[in-house]
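Working notes, beginning with the structure itself.
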Amino acid sequence: MDGLDHLRTFLEIAARGSFSRAAGKLGISKATVSKHVATLESRFNVRLFNRSTRSVTLTDAGRLLQLRSAPLVEMIELTQSEMQAHGSRPSGRLRVAGLHGLVQTAFPGLLSEFLTRYPDVHIDLQLGNRVVDLVEEGVDVALKFGRIGDENLIVRRLQRVALTLCATPRYWARRGMPKQPDDMRHHDVLTYSLGSGAPYLPFEVEGQPYNLPIQGRMDANDAGALIAAALAGIGAVCVPALMAQPHTDRGNLVPVLQEFMPRDMWLYAAYTQRRHNSAALRALLELLEVRMREGPQSAPA
């Protein structure tokens, strides 16, 4: 399987743009990485990478090899993993990324249940309210919240999440209750942000998504901070309904425009095709899917 190892090394370098990062990901020395590349270049009698002190990029020959070899290596790895996993218990390390708000859900308890059931699995849990690059950061699965877009990832829906747009009674009395989504253009809005893109409020109008651009009064990457600001009367906030429920039940926050709230928001698991063949990952996803659909959970944000 030396040829396969050489191609794996080549593809890691191409994906990461670095011999050192590829070596770290593969768990081999940089010298071994260089040797694998030299072997391939000698075998094909071509140069695969343009190398400088600052960057590593593919040559035309390298791009062709990447195009032809990536599906082949993926299929071989998938076959190997499926053969090894056949009839075996899940084992190994799983790196899981998710939002901070997951600690307010049943998720920690579900992880404990999973680890008790599969003692040969080690979980590396990374929580943070930022965009995660699964390939670059070596993440096996990321738990995300929102509409499911056209990401180049495999997605498994875990739980539908309802949103609520709310503010204090005093704020609505001062600024007026909105009757339709566009009325929110004239309000102070507290927006959830991952640090990229213009702020907007997600609505659904006539069955279609309608993202209303707004000038946010305050941006934060944590729903708890936004709810606290809303309770102080600073503006209106759009958050998972279960997080606002203690305050809406007591009348401290009053929901509006509920008929326009999107119905396609999900807590979902996203992973790459290369990670799909892990027995441990399949077992974790199956447990999360079953348990999270058994009953309502607090929502992540």
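Along the sequence shown, residues are numbered consecutively beginning with 1.
Between the R16 side chain and the A22 main chain, no donor and acceptor come within less than 3.5 Å of each other. Panel note: side chain D183, backbone Q180; a donor-acceptor pair is recorded below 3.5 Å. Looking at T59, its side chain never comes within 3.5 Å of a backbone N or O of N50 through a donor-acceptor pair. Checked by atom type and distance alone, the side chain of S55 never pairs as donor or acceptor with a backbone atom of R51 at under 3.5 Å. Checked by atom type and distance alone, the side chain of S42 never pairs as donor or acceptor with a backbone atom of A38 at under 3.5 Å. Here the side chain of D188 pairs no donor or acceptor atom with the backbone of R217 at under 3.5 angstrom.
A salt bridge does not link E286 with R282: every distance from a Lys NZ or Arg NE/NH1/NH2 to an Asp or Glu carboxylate oxygen is 4.0 Å or more. Between E289 and R157 there is no salt bridge, since none of the side-chain N atoms of the basic residue sits less than 4.0 Å from a carboxylate O of the acidic one.
Sorted by first and then second residue, the side chain to side chain donor-acceptor pair (under 3.5 Å) pairs with a member in residues 201-210 read D182-Y210, R185-Y210, E204-R263; sequence neighbours excluded. Among pairs with a residue in residues 16-38, those fulfilling ring pair (Phe, Tyr, Trp, His ring centres under 6.0 Å) read H6-H36, F19-F49, at least two apart in sequence or across chains.
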**Criterion salt bridge (Lys or Arg N to Asp or Glu O under 4.0 Å) on E12 and R21, from CA distance to verdict** = CA-CA 8 Å; E12 285 294 341; R21 288 197 290 270; over 6 Å; no
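The OH atom of Y118 lies 11.5 Å from the CD1 atom of I123; values are rounded to the nearest 0.5 Å.
A perpendicular orientation is assigned to the rings of H187 and W172, their planes being inclined by more than 60° (bins at 30° and 60°).
Contact annotation: the side chain of T9 approaches that of L26 to within less than 4.5 Å [non-hydrogen atoms, C-beta and beyond].
By the criterion of side-chain heavy atoms lying less than 4.5 angstrom apart, applied directly or through intervening Ile, Leu, Val, Met, Phe, Trp or Tyr residues, Y200 is not grouped with F203; the two fall into different hydrophobic clusters.
Within a 6.0 Å sphere centred on CG of D133, heavy atoms belonging to other residues, nucleotides or ligands number more than 12.
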